[in-house]
Amino acid sequence: MIENVDMSLVDWSRAQFALTAIYHWIFVPLTLGLSFLVAMMETVYVRTGREEWKRMTRFWMTLFGINFAIGVATGIILEFEFGTNWSNYSWFVGDIFGAPLAIEGILAFFLESTFVAVMFFGWNKVSKKFHLASSWLVAIGANLSALWILVANAWMQNPVGMVFNPDTARNEMVDFWAVLFNPVAVDKFLHTIFSGFLLASVFVMGVSAWFLLKKREEWMAKRSILIASIFGLFSSLMVALTGDSSAKTLAVVQPVKFAAFEAHYTGGRNAGLTVIGLLKDSDRNIGEKKEKDFVFSIKIPNMLSIMTGGDKDVYVPGIRELVTGGNNEQNILSVEKKMENGRIALQVLNDYKNAKKANNKEQIESVRNIFRDKSFIDNYFRYFGYAFLRSPEDAIPNVPIAFYSFHLMVMLGFFFIAVCAISIFLLLRGTLQKSRWFLWIVLLSIPLAYIASESGWILAEMGRQPWIIQDLMPVSQAVSHLSVGSVMTTFILFAVLFTALLIAEVSIMIRQIKIGPKHQEE
Amino acid sequence: MRLFSPIASRVFRFYYDGFRDMSQWGRKVWIIILVKLFIIFIILKIFFFRDFLNKKYENDAQRSEYVLNQITNSNYTDD
């Protein structure tokens with residue numbers, strides 16, 4: 001990495017952002033999924049007119065409201081951090097980040113704020129159908145808000161639809177639709193919202209399981225589990241499907257991340273998919289970095305090749321080939337070559353800077369033309385970030401973190417498919433209430449759903465390292481030159497603030513759950 | 001204006017009644033929301049999270065120049 005950046009500043013800034021994002025993400029997925037579950041329950045109420053369904057809807061709406069209220073605005077802090085701690089990055093991304101976030105802000109304000117008020121204040125004041133429409137609009141609005149955030153994040157994983165303007169040192173959006181329909185954005189949006197639906201389903205199932213274990217509110221608990229387990233089973237299957245599609249996209253646009261989360265060091269055909277494994281340091285190195293070997297692993301033969309390209313004979317490059325370059329048949333550009341190309345792009349930008357200082361208009365225009373040239377953009381500027389790597393192995397993310405977070409997420413995903421399916425089976429057989437062992441499993445699954453959800457984000461963000469914007473900007477170039485002390489101070493402030501919010505949420509929620517739906521009419 | 005007033009009045013009444021008749025948990029979370037917004041927008045934004053480039057430079061040209069210097073700052077160039 002470049003030597004004039006204090007890595008402890010980078011590390012503290014990263015830790016601060018990670019802490020804020022992880023806490024923020026505790027609140028978001030439950031809002032995404034519970035809003036739909038509440039809308040479904042209310043739909044049954046409106047169709048049947050039965051008061052039990054209204055009580056049930058209002059109970060879950062209360063828990064939704066607590067989560068929504070505690071979580072609201074926690075994401076704003078991330079935007080503050082962009083401007084304060086990541087100013088180079090914020091400037092460099094220009095309107096590409098600004099536009100989706102502005103749309104998100106407007107949507108969140110008008111759709112959610114207006115209709116959330118109708119949801120909570122509107123019982124007995126607006127018609128049943130208008131209230132129901134508001135509940136659905138809150139659910140749709142919350143998920144549409146997530147779309148714009150995820151579009152912005154997807155651009156960091158796969159920057160498309162922009163050109164770099166050397167005059168302003170910013171990227172400018174030239175194709176909004178390319179940014180919106182970025183393949184990473186489509187996969188990420190679907191994968192994320194379905195994982196939110198799954199988490200909310202597990203939450204509803206877990207809380208309902210607690211009622212059944214306590215032999216309270218059995219009518220509501222059984223129906224809640226039925227709706228949540230059907231919604232959860234559908235969502236978990238969609239999570240698996242979109243995860244598969246996401247992995248296929250990553251294999252193309254972020255192949256090092258893809259290889260890292262499988263700890264796939266040596267490329268080849270008939271590549272197997274690791275189901276479970278334990279890593280250790282290998283005797284082999286890539287540059288100064290040690291490779292990893294498996295202490296043990298269970299693999300499905302050929303599956304990685306099949307999942308990547310639909311055929312067991314598809315070649316899947318390993319981390320080694322992606323860094324050192326493949327043979328002619330594989331046509332993989334080595335990181336060293338990308339570093340060379342990136343430095344050429346950097347040199348052109350430096351020439352531009354010097355021409356501006358010297359007010360050399362002819363050279364300024366000449367360099368501007370280079371930046372408009374497609375061949376320069378595709379072959380040199382797209383590797384701009386590689387100019388700042390010290391050695392090729394710097395392009396490798398932390399493999400154990402990527403590997404374990406990915407496999408934990410996947411294993412828990414399959415566990416939830418089983419939990420939802422067994423739950424439906426036991427409900428249909430009429431033995432759910434007697435299966436106390438299973439009710440305990442469902443209850444204890446609530447924290448596991450959060451662990452799976454957070455693991456997905458850890459994989460997405462840690463797997464992208466060393467980049468803040470894939471191939472264009474390393475994290476070390478993005479950071480603001482602040483004092484380490486000030487970043488540490490805000491880190492501690494956030495840790496205290498978010499922990500207090502989390503404690504408040506959990507305690508208010510537990511209290512409301514213990515009260516149950518009886519007093520929801522108050 | 002005549003047409004607007006009854007609608008505005010109904011909207012006001014809707015929110016007024018909503019807040020007035022709010023449940024106990026609703027009051028609690030509103031207190032939390034207000035304290036949180038105060039901390040985020042008053043304490044954090046003003047004292048800890050001023051925009052780095054806006055604070056340091058007066059206009060976009062200066063900001064561009066600063067960032068251009070930052071992103072071309074590498075040991076591998078002739079500069």
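None of the values given here were measured: they were computed from a predicted structure. So that the names make sense, note that chain A is the first sequence line, chain B the second, and so on, each numbered from 1.
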Exercise. Go through the atoms of A:S90 and report whether side chain, backbone, both or neither lie under 4.5 Å from a heavy atom of chain B.
Key: neither
Practice problem: Could you check whether the rings of A:F80 and B:F41 sit parallel, tilted or perpendicular, using 30° and 60° as the cut-offs? | Solution: perpendicular
Quiz item: If we only count heavy atoms from C-beta on, is the B:S64 to A:W91 side-chain gap below 4.5 Å?
Solution: yes
Quiz prompt | Aromatic contact, B:Y66 with A:F92 (centres under 6.0 Å) | solution = no
Practice problem: Among the options A:A500, A:A169, A:A478, pick out the one with the most heavy-atom pairs lying under 4.5 Å from chain B. | Solution: A:A169
Quiz item: Side chain, backbone, both or neither: which part of B:L37 has a heavy atom under 4.5 Å from chain A?
Solution: side chain
Exercise. Measure A:E505 against the heavy atoms of chain B and call it side chain, backbone, both or neither at under 4.5 Å.
Key: neither
Quiz item: For A:S13, what residues pass the side-chain hydrogen bond (donor to acceptor under 3.5 Å, both in side chains) criterion, not counting sequence neighbours?
Solution: none
Quiz item: In Å, rounded to the nearest 0.5 Å, how long is the span from NZ of A:K353 to OG1 of B:T72?
Solution: 3.0 Å
Quiz prompt | Under 4.5 Å from any heavy atom of chain B - which part of A:I66 | solution = both
Quiz item: Looking at CD1 of A:I70 and NZ of B:K36, how far apart are the two atoms once the value is rounded to the nearest 0.5 Å?
Solution: 6.5 Å
Quiz item: What part of A:S486 is in contact with chain B, defined as an atom under 4.5 angstrom from a non-hydrogen atom: side chain, backbone, both or neither?
Solution: neither
Quiz item: In Å, rounded to the nearest 0.5 Å, how long is the span from CD of B:Q24 to CD1 of A:I515?
Solution: 7.0 Å
Quiz item: Is any residue of residues 55-63 of chain B within less than 4.5 Å of chain A by heavy atoms, and which ones?
Solution: B:D60, B:R63
Quiz item: Checking heavy atoms, do the side chain of A:D351, its backbone, both or neither come under 4.5 Å from chain B?
Solution: neither
Exercise. Identify which part of A:F82 has an atom lying under 4.5 Å from any heavy atom of chain B, answering side chain, backbone, both or neither.
Key: neither
